[in-house]
> 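Right, I'll just put the structure down here and ask away after.
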Amino acid sequence: MTPKERWLAVLNKQTPDRIPTDYWATNEAHQKLMAHLGCTTERDLYTRLHIDRAIAVAPNYIGPPLAKNTDVFGCGHKTVQYDSGTYNECVSHPLAQYTSTEAIDTHYTWPNPDWYDYSHLPAYVAQWPDYPIRGGGSEPFLIYKKLRGDVQAFMDLIENPDIVHYCLDKLFDLAYTNTQRIYETVPNQIDLSYVAEDMGSQESLLFSPQHIHTFLLPRMKRMINLAHDAGVFVFFHSDGAIHDIIPDMIDLGIDVLNPIQWRCQNMDRETLIKDFGNQLIFHGGVDNQHTLAFGSIDEVKIEVRDNINILNQHNRYILAPCHNIQAVSPPENIVAMYEAVHELGTSI
Amino acid sequence: MANLQAIADNVITGQAPAVSEAVQEAIDENVPVQDILHQGLIAGMNIVGAKFKNNEFYIPEVLIAARAMKAGLELIRPILLEAKVESAGKVCVGTVKGDLHDIGKNLVGMMLEGAGFEVIDLGVDVPPETFVESVREHGVQIVCMSALLTTTMASLQTTVEALKAAGLTDNVRVMIGGAPITQEYADKIGAHGYAPDAASATEKARELVAELVT
């Protein structure tokens, strides 16, 4: 099977020839791995480690010129240095000062879907005929937090619901149109869309189920319907301890649950399989906070084995790191993860 | 007549103006400031912490409660200073070098303040030497450090080592937290305490201060 066939087998509840894999990494971690293996291209790396990478497609920005270190939403960014690399973090929030939707409407220009060009997508997709293609989707509360600042954004859920509703409508509309245009530009070629929102901390949900129902679920449902109407599978990403909201996400129609941070509260693999095993495809599961980053090669192998034994009970598991692999994770551990799943996940 | 229960209740529901009003009323009626603090503000935040641990409250509810508590605290702070009312302890909080994530650190700071601690907020991306200075200059008893990222966890260790090198760990306790942090990691780097969430952090801080006193 090709990587694409392998993913589609799992997505369509059929049996793949082996457990599919996926790959997420920061640039620093990726470069370390490429150097470690002597790979020169992405395709080399995927072939070498049997990675069935979902290839991402996105439009190109062609809108008004952006100020330095400023994104399309007007949020300011800063490069922050850590020991072995950098992160680009949002440090200024263009909607922080406003106290009404009228003021935002008067003073702020929302990005327009016409600021994006999609014309390169057919040629790009054609380069990856054997790989699953992902594109479109939404993660508006993440953007909302950047627009307002984290603390204000959280307090807005209680104190300024009208501002949250107004902004999320704008952000979801942009995501919706963007997704629609991707589907139209490469019809029947997108396999999955991310409908994401980080709802969990290490210990519990970040905000209440009521707030999730009020602000996010109806809008996420619209995105999910758009994807399903186009024959696209829905990949739901939320970090953290989100067990309490998974039943609602299943009712909403998600197909894939990511990233399975099984060390978080109430997210252990056995519980997830017991509670939702028949209803979801599990994607991720290799712990990025401890095992991949600080574990031994043997511990990585054991985790891969356990993940396969527990999460693949229904042939509905795609193995991947729980988030972007970080530069602290030794390349040897990453190689061990993919070699172990290739060895153990082939005779399923 | 001043109503300390109303102060606590309005802290719990995050009504900052109502807390200010009730605290001012209590001040005007010469209610002992310790009672306003302990039976009003701290009592309210204790309930908030319990509800947070119990998944009845989430981050938004805690944030507005903490802001209401702060509104009341600002009004009584000058009187507390004047009356030389002792705080539960002096702590500094900061997100370590290389890391700008501060929601967790802010929640810990707010909960500690709501538990009667004097809190010095060092902000984010804080280098080890700033933690050291804070202990030297302000007589901090507990250093609270946060790291969200696996790549910045190493800064926790560097800071513990800097505090040791400065000879400050005998009279100071170090507490750490953040998404990838565990008790095991705290033990490994020689931190005295770890808390998985902001409510537990106040309990841990009380324990650590008691250790210093005895």
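Letters A, B, ... are given to chains in the order of the sequence lines, protein chains preceding strands, and every chain is numbered from 1. Computation of the quantities below employed the complete heavy-atom set of this structure, encompassing side-chain atoms and omitting hydrogens, waters and symmetry-equivalent molecules.
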> Select one option (side chain, backbone, both, neither) describing which atoms of A/Glu203 are under 4.5 Å from chain B's heavy atoms.
side chain
> May I ask you to test the B/His101-A/Glu89 pair for a side-chain heavy-atom distance under 4.5 Å?
yes
> With a 4.5 angstrom heavy-atom cut-off, could you sort out which part of A/Val151 is near chain B: side chain, backbone, both or neither?
both
> So, A/Tyr87 versus B/Thr151: side-chain donor-acceptor pair below 3.5 Å or not?
yes
> Just give me the residue among B/Thr152, B/Ile103, B/Leu107 that pairs up with chain A most often, heavy atom to heavy atom, under 4.5 Å.
B/Ile103
> For A/Gln265, is it the side chain, the backbone, both or neither that has a heavy atom under 4.5 Å from a heavy atom of chain B?
neither
> Taking it one step at a time, do B/Asn55 and A/Leu205 satisfy side-chain contact (heavy atoms from CB on, under 4.5 Å)?
CA-CA 8 Å; B/Asn55 289 345; A/Leu205 292 174; over 6 Å; no
> Between A/Gly85, A/Ala293, A/Ser208, which shows the greatest number of heavy-atom pairs under 4.5 Å with chain B?
A/Ser208
> How far apart are the C-alpha atoms of A/His211 and B/Glu61, what are their side-chain angles, what is the distance that settles it, and do they pass the side-chain contact (heavy atoms from CB on, under 4.5 Å) test?
CA-CA 11 Å; A/His211 282 150; B/Glu61 290 81 7; 3.6 Å; yes
> For a side-chain contact (heavy atoms from CB on, under 4.5 Å) check, start with the C-alpha distance between B/Arg67 and A/Glu159, then their side-chain angles and the critical distance, and finish with the verdict.
CA-CA 12 Å; B/Arg67 192 184 50 185; A/Glu159 296 192 324; 2.3 Å; yes
> How long is the gap from OH on A/Tyr82 to CG on B/Asp125, to the nearest 0.5 Å?
13.5 Å
> Heavy-atom distances under 4.5 Å only: say whether A/Leu206 touches chain B with side chain, backbone, both or neither.
both
> A/Asn288 versus chain B, heavy atoms under 4.5 Å apart: side chain, backbone, both or neither?
backbone
> Quick check for you: to the nearest 0.5 Å, what is the distance between B/Tyr58 atom OH and A/Ile158 atom CD1?
12.0 Å
> Are the side chain of A/Gln202 and the backbone of B/Ala179 linked by a donor-acceptor contact shorter than 3.5 Å?
yes
> In terms of heavy-atom pairs under 4.5 Å with chain B, which of A/Gln261, A/Glu28, A/Lys78, A/Met155 leads?
A/Met155
> Please assess A/Phe154 against B/Ile64 for the test side-chain contact (heavy atoms from CB on, under 4.5 Å), listing each intermediate value before the final yes or no.
CA-CA 9 Å; A/Phe154 279 116; B/Ile64 63 163; over 6 Å; no
